[in-house]
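Side-chain atoms are counted along with the backbone in the values below, which use heavy atoms only and exclude waters and symmetry mates. In listed order, ligands and their atoms are each counted from 1.
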Amino acid sequence: MKIFTSFIIGLLVFDCNKQPIADNNPEPEEEQTADTSLRNLSPFPFGAAVNINLLKNRPAYRNLVIEEFNSVTAENAMKIRFIHPQQNTYDWADADYLVDFAEEHDMRVHGHNLVWHQNLPDWITSFQGDSAAWENIMKTHIQTVVTRYKGRVASWDVVNEALDNDGHGLRESLWLSNLGPDYIARAFEYAHEADPDALLFYNDYGNEFGPTKRNAIVDLVTGLKNRNIPIHGIGMQMHTRFNREDNFHEAAITSAAATGLMVHISELDIAVNPNNDPNLTYTPAIQSQQAQKYFHIARTFHNIADTLRHGITTWNVSDADTWITGRYERPDWPLPFDENYQRKTAYYRILEAVNP
Ligand code: XIL
């Protein structure tokens with residue numbers, strides 16, 4: 001009943017504002033069943049990044065995650081600074097909580113992430129040692145974390161954002177400077193040794209920026225694949241914006257699929273305030289344009305080969321929890337659920353896209 005009511009309210013809002021209702025909008029009859037959810041209707045895993053505090057303490061958040069998603073990623077809890085705060089100390093509490101939660105609710109866990117230039121603990125940023133000592137840090141971290149969740153975390157972002165912002169080369173980082181460019185390949189090998197059944201991803205942003213970054217990512221993963229490095233997929237973060245042209249999103253998704261690797265849209269959100277307007281109003285017209293982007297991205301993903309579809313994961317759940325507002329210090333409404341955990345127009349367009 002709640003679902004039906006919010007759908008009707010959604011339609012009324014649409015109507016009152018005289019927004020054209022596209023022909024392919026969902027019919028109300030299709031939306032009335034209690035089991036209408038992304039997890040039930042999507043033919044591929046549909047996930048969200050989650051914040052463990054909210055999962056524990058905000059019932060509306062927790063219930064929504066349980067009802068809607070069948071894949072979860074820790075927004076922060078598995079990152080090195082949190083899970084490995086001292087050289088000989090691991091803090092498993094939040095990651096364990098998430099993995100237990102996921103098993104209880106029949107969800108897949110996607111691990112994020114093992115090797116990244118950000119979120120390094122002080123013991124790493126101040127570490128002094130030769131390349132063998134650095135290699136030992138990377139290998140030990142990867143293998144300790146992957147081994148702990150062997151058989152329980154289905155897939156990992158092994159290396160995150162190794163390319164620079166524009167895709168002109170590898171990003172400067174402590175890993176690159178201490179280990180050389182082949183740290184990327186070795187990170188995959190170490191992870192594979194620890195859990196040979198886990199699917200291993202290279203994760204980055206900007207596939208949708210244009211050909212330079214897109215090709216740099218494709219070249220990097222193709223090079224690894226051709227060397228028989230155990231890489232299984234491309235994670236495309238896809239922190240994008242409501243006014244980016246569809247062909248950029250389309251090229252990102254189809255070029256990733258053309259590698260033959262699995263594809264994960266791993267951190268999807270669609271900002272509506274890319275110019276940082278402090279007074280922006282989230283009008284029905286903006287909502288509708290944003291929903292259309294969600295539709296297009298989800299439908300393009302739906303249309304790649306089903307064997308390549310690792311899934312779509314949004315970066316957190318609702319507009320109340322998004323990292324975008326804090327990161328850019330601006331109002332924004334980038335997710336498919338509103339601040340009250342109600343479904344937005346974007347939500348219905350995604351359902352329609354994945355369940356044609
Ligand atoms: C972000 C989180 O959402 C924030 O809470 C945190 O403060 C910083 O990191 N690319 C990634 C994610 O791979 O791990 C980042 O997550 C967003 C950009």
Side-chain angles (χ1 to χ4, degrees), residues 47-58 61 65 69 71-85 91 94-95 97-98 109-122 124-125 141-142 145 153 155-167 170-171 173-175 184 187 191 200-209 213 216-217 220-221 233-241 244 252 256 263-271 274 310-330 332-337:
V50 295
N51 172 310
I52 312 304
N53 279 333
L54 295 178
L55 199 59
K56 287 179 180 167
N57 299 318
R58 194 176 288 176
Y61 181 93
V65 172
F69 300 106
S71 179
V72 279
T73 305
E75 184 180 16
N76 289 304
M78 289 186 180
K79 291 175 182 170
I80 189 165
R81 187 182 176 89
F82 303 116
I83 210 167
H84 193 174
D91 181 350
D94 282 359
Y97 183 91
L98 182 64
V109 182
H110 176 75
H112 175 82
N113 57 57
L114 297 168
V115 181
W116 192 23
H117 65 285
Q118 282 187 33
N119 200 265
L120 297 172
D122 297 345
I124 292 189
T125 52
H141 175 73
I142 291 172
V145 175
V153 168
S155 49
W156 284 99
D157 291 331
V158 177
V159 177
N160 197 37
E161 303 179 351
L163 288 162
D164 68 16
N165 190 59
D166 304 319
L170 292 181
R171 177 189 297 280
S173 75
L174 283 177
W175 304 118
I184 300 172
L200 305 182
F201 284 73
Y202 174 74
N203 195 54
D204 211 333
Y205 65 86
N207 304 62
E208 72 284 5
F209 288 179
K213 184 90 185 237
I217 293 170
L220 176 67
V221 298
I234 302 183
M236 282 184 282
Q237 296 183 7
M238 197 89 55
H239 295 290
T240 189
R241 46 183 68 177
R244 198 185 299 283
V263 182
H264 185 201
I265 298 183
S266 56
E267 305 185 14
L268 180 61
D269 47 29
I270 304 183
H310 191 62
I312 296 180
T313 298
T314 60
W315 204 241
N316 225 314
V317 172
S318 85
D319 291 339
D321 336 297
T322 174
W323 73 303
I324 295 284
T325 47
R327 166 77 173 74
Y328 298 102
E329 297 182 340
R330 69 185 190 215
D332 212 318
W333 298 264
L335 287 165
F337 295 92

Q: Taking the side chain from Asn51 and the backbone from Leu54, do they hold a donor-acceptor pair closer than 3.5 Å?
A: yes

Q: Can you find an N or O of Glu75 that's nearer than 3.5 Å to an N or O of ligand 1?
A: yes

Q: With side chains defined as the heavy atoms from C-beta onward, is the minimum distance between Asp94 and Phe82 less than 4.5 Å?
A: no

Q: Can you name the nearest heavy-atom pair linking Pro85 to Pro121, along with the distance?
A: O-CB, 3.9 Å

Q: Write out the residue and atom name of the closest protein heavy atom to atom 6 (C) of ligand 1, then the distance separating them to 0.1 Å.
A: Asn76 OD1, 3.4 Å

Q: Answer side chain, backbone, both or neither: which part of Asp157 comes under 4.0 Å from ligand 1, heavy atoms only.
A: neither

Q: Any nitrogen or oxygen of Trp116 lying under 3.5 Å from a nitrogen or oxygen in ligand 1? Just yes or no.
A: no

Q: Between Gln118, Glu267, His112, Lys79, which one has a non-hydrogen atom sitting closest to atom 1 (C) of ligand 1?
A: Lys79

Q: With heavy-atom distances below 4.0 Å as the criterion, list the atoms of ligand 1 near Gln237.
A: 10 (N), 11 (C), 13 (O), 18 (C)

Q: Check each heavy atom of Asn160 against ligand 1 and say whether those closer than 4.0 Å belong to the side chain, the backbone, both or neither.
A: side chain

Q: Should Arg327 be listed as contacting ligand 1, given a heavy-atom distance under 4.0 Å as the test?
A: no

Q: I'd like to know if the side chain of Glu267 pairs up with that of Asn203 as donor and acceptor (distance under 3.5 Å, no hydrogens or angles considered).
A: yes

Q: Report yes if some N/O of Trp315 lies less than 3.5 Å from some N/O of ligand 1; otherwise report no.
A: yes

Q: Please determine which of Asn53, Asn316, Asp321 meets the side chain to side chain donor-acceptor pair (under 3.5 Å) test together with Tyr61.
A: Asn316

Q: Under the salt bridge (Lys or Arg N to Asp or Glu O under 4.0 Å) rule, collect the residues that match up with Arg330, sequence neighbours excluded.
A: Asp332

Q: In terms of side-chain heavy atoms, does His110 have a donor or acceptor partner in Ser155 at a distance below 3.5 Å?
A: yes

Q: Please indicate whether any nitrogen or oxygen in Glu161 is less than 3.5 Å from any nitrogen or oxygen in ligand 1.
A: yes

Q: Who pairs with Asp204 by salt bridge (Lys or Arg N to Asp or Glu O under 4.0 Å), at least two apart in sequence or on another chain?
A: Lys213

Q: Counting only heavy atoms, which portion of Tyr205 has something under 4.0 Å from ligand 1: side chain, backbone, both, or neither?
A: neither

Q: Below a 4.0 angstrom heavy-atom separation, can you tell me which part of His239, side chain or backbone, both or neither, approaches ligand 1?
A: side chain

